[in-house]
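Here is the structure we will look at.
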Amino acid sequence: MSVLSILEFPDPRLRTRAAPVSVFDANLKQFVADMFETMYAANGVGLAATQVNVHQRVLVIDMSEERNQPLVLINAEIVAKDGAQVYQEGCLSFPGLYADVTRALKVKVKAQDPDGKDFVYEAEGPLAVAVQHEMDHLEGKVFVDYLSPLKRSLLLKRLEKHRKQAASA
Ligand code: GNR
Ligand code: NI
């Protein structure tokens with residue numbers, strides 16, 4: 001297993017659209033294990049393959065306090081969504097940055113597991129936020145894309161400041 005390095009904004013590779021997974025082999029299972037190791041090491045609740053510069057439709061999530069409820073969605077597609085919620089989001093590709101984003105309250109996704117088996121997964125609340133946030137990464141989309149230009153530029157300036165402080169510490 002290995003901890004992979006996470007791309008940070010404004011890395012243009014974060015804008016890549018991921019391709020569907022077509023080969024469900026031991027390499028894929030190894031990659032999923034590495035994604036979990038990377039996500040847990042970074043104290044994240046989710047991670048999309050895009051963030052580790054692998055442009056295939058793989059995402060992992062674990063919203064549990066105990067870090068023992070791993071969820072893997074491969075080739076996930078939203079088949080239904082309902083309602084709306086505002087949630088303060090963060091992203092491992094934007095260290096130290098948080099902003100309110102409005103998304104669907106509930107999502108129903110069709111996905112495959114690491115063996116290529118189809119399943120349907122329904123999520124609500126914070127878990128539904130994570131599913132939508134990770135699916136966006138696979139489309140090259142990031143949470144600040146939802147903010148108004150004014151709010152986005154304010155936050156990105158703050159991110160720069162945070163980076164400079166981290167670099168001089
Ligand atoms: O660790 C993460 N926390 C988080 C908090 C609120 C909404 C979404 C997230 S996902 C994020 C990890 C990440 O960047 N995944 O792409
Ligand atoms: Ni993210």
Side-chain angles (χ1 to χ4, degrees), residues 1-21 28 31-78 81-109 111 114 121-148 151-152 154-156 158-160 162-163 166:
M1 298 239 291
S2 23
V3 172
L4 309 171
S5 68
I6 298 176
L7 301 179
E8 291 187 8
F9 184 88
D11 194 309
R13 293 172 292 182
L14 285 170
R15 296 301 184 180
T16 314
R17 281 188 73 175
V21 171
L28 177 65
F31 176 60
V32 167
D34 289 346
M35 282 190 57
F36 276 113
E37 200 182 355
T38 304
M39 179 187 77
Y40 290 132
N43 287 317
V45 301
L47 187 70
T50 312
Q51 292 176 283
V52 294
N53 199 31
V54 172
H55 302 290
Q56 294 203 44
R57 303 191 63 87
V58 179
L59 67 86
V60 299
I61 291 174
D62 189 340
M63 298 282 294
S64 70
E65 203 71 47
E66 305 76 22
R67 318 301 275 150
N68 62 359
Q69 285 173 49
L71 170 69
V72 188
L73 299 177
I74 297 172
N75 297 335
E77 283 173 44
I78 294 183
K81 54 182 175 180
D82 190 36
Q85 62 180 322
V86 178
Y87 194 85
Q88 190 180 60
E89 300 196 14
C91 182
L92 295 173
S93 298
F94 295 76
L97 206 110
Y98 300 90
D100 283 350
V101 177
T102 305
R103 299 189 188 268
L105 176 62
K106 295 184 194 181
V107 292
K108 183 174 176 179
V109 302
Y121 185 79
E122 288 188 66
E124 186 174 345
L127 191 53
V129 170
V131 169
Q132 293 170 85
H133 176 115
E134 303 315 336
M135 287 185 70
D136 272 353
H137 276 300
L138 301 175
E139 295 297 328
K141 192 162 181 170
V142 290
F143 77 124
V144 300
D145 296 347
Y146 291 100
L147 308 178
S148 69
K151 194 153 193 191
R152 183 166 52 233
L154 197 81
L155 280 171
L156 294 177
R158 212 178 286 163
L159 180 70
E160 266 318 297
H162 182 91
R163 278 212 179 112

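Note that ligands are numbered from 1 as they come in the structure, with each ligand's atoms numbered from 1 the same way.
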Exercise for review: Could you tally the protein N/O/S atoms lying less than 2.8 Å away from the Ni ion (ligand 2)?
Suggested key: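 There are 3 of them.
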
Within a distance under 4.0 Å of any heavy atom of [X], pick out the atoms of ligand 1 and give their elements.
{"X": "Gln51", "result": "13 (C), 14 (O), 15 (N), 16 (O)"}
{"X": "Gly44", "result": "1 (O)"}
{"X": "Gly90", "result": "4 (C), 5 (C), 6 (C), 7 (C), 8 (C), 9 (C), 10 (S), 11 (C)"}
{"X": "Gln88", "result": "6 (C)"}
{"X": "Cys91", "result": "14 (O)"}

Exercise for review: Report yes if Leu92 has an N/O atom closer than 3.5 Å to an N/O atom of ligand 1; otherwise report no.
Suggested key: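 For ligand 1, there is an N or O atom that lies under 3.5 Å from one belonging to Leu92.
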
Exercise for review: Please say whether Gly46 places an N or O atom under 3.5 Å from an N or O atom belonging to ligand 1.
Suggested key: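 Indeed, backbone or side chain, Gly46 has an N or O that close.
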
Point to revise | Of the listed options His137, Glu134, Met39, closest to atom 10 (S) of ligand 1 (non-hydrogen atoms) | key: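 Going through His137, Glu134, Met39 one by one, Glu134 has the nearest heavy atom to atom 10 (S) of ligand 1.
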
Check your understanding: Does Leu147 have any side-chain contact (heavy atoms from CB on, under 4.5 Å) partners at least two apart in sequence or in another chain, and if so, which?
Key ->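 Counting only residues at least two positions away or on another chain, Leu147 forms a side-chain contact (heavy atoms from CB on, under 4.5 Å) with Ala99, Val144, Lys151, Arg152, Leu155.
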
Review point. Can you name the residues that form a side-chain contact (heavy atoms from CB on, under 4.5 Å) with Ala42, not counting sequence neighbours?
Key: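 Here the qualifying residues are Ile6, Leu92.
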
Review point. So Phe94 and Phe143, would you call those rings parallel, tilted or perpendicular, with 30° and 60° as cut-offs?
Key: perpendicular

Sidechain-backbone polar pair: [X] side chain, [Y] backbone, donor-acceptor under 3.5 Å:
{"X": "Gln132", "Y": "Ala104", "result": "yes"}
{"X": "Ser93", "Y": "Leu7", "result": "yes"}
{"X": "Gln56", "Y": "Val21", "result": "no"}

Measuring only between side-chain heavy atoms, which start at C-beta, is [X] closer than 4.5 Å to [Y]?
{"X": "Met1", "Y": "Phe36", "answer": "no"}
{"X": "Arg57", "Y": "Glu139", "answer": "yes"}
{"X": "Val58", "Y": "Leu28", "answer": "yes"}

Study note, to complete from the structure: Short version for Phe143: what comes under 4.0 Å of ligand 1, heavy atoms counted, is neither

Check your understanding: When you look for heavy atoms under 4.0 Å from ligand 1, do you find them on the side chain of His133, its backbone, both, or neither?
Key -> side chain

**Study point:** atom 2 (C) of ligand 1: nearest protein contact (heavy atom, Å)
**Key:** Val45 CG2, 3.6 Å

Practice item. Using non-hydrogen atoms of the residue, decide whether Tyr87 is closer than 4.0 angstrom to ligand 1. Key: yes

Check your understanding: With Asp11, which of Arg15, Arg13, Glu8 fulfils side chain to side chain contact (heavy atoms under 4.5 Å, CB included)?
Key -> Arg13

Point to revise | Result of checking Asp136, Val142, Leu138 against Thr50 for side chain to side chain contact (heavy atoms under 4.5 Å, CB included) | key: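 Among Asp136, Val142, Leu138, the one that satisfies the side chain to side chain contact (heavy atoms under 4.5 Å, CB included) with Thr50 is Leu138.
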
**Study point:** With sequence neighbours excluded, residues passing side chain to side chain donor-acceptor pair (under 3.5 Å) with Tyr40
**Key:** Asp62

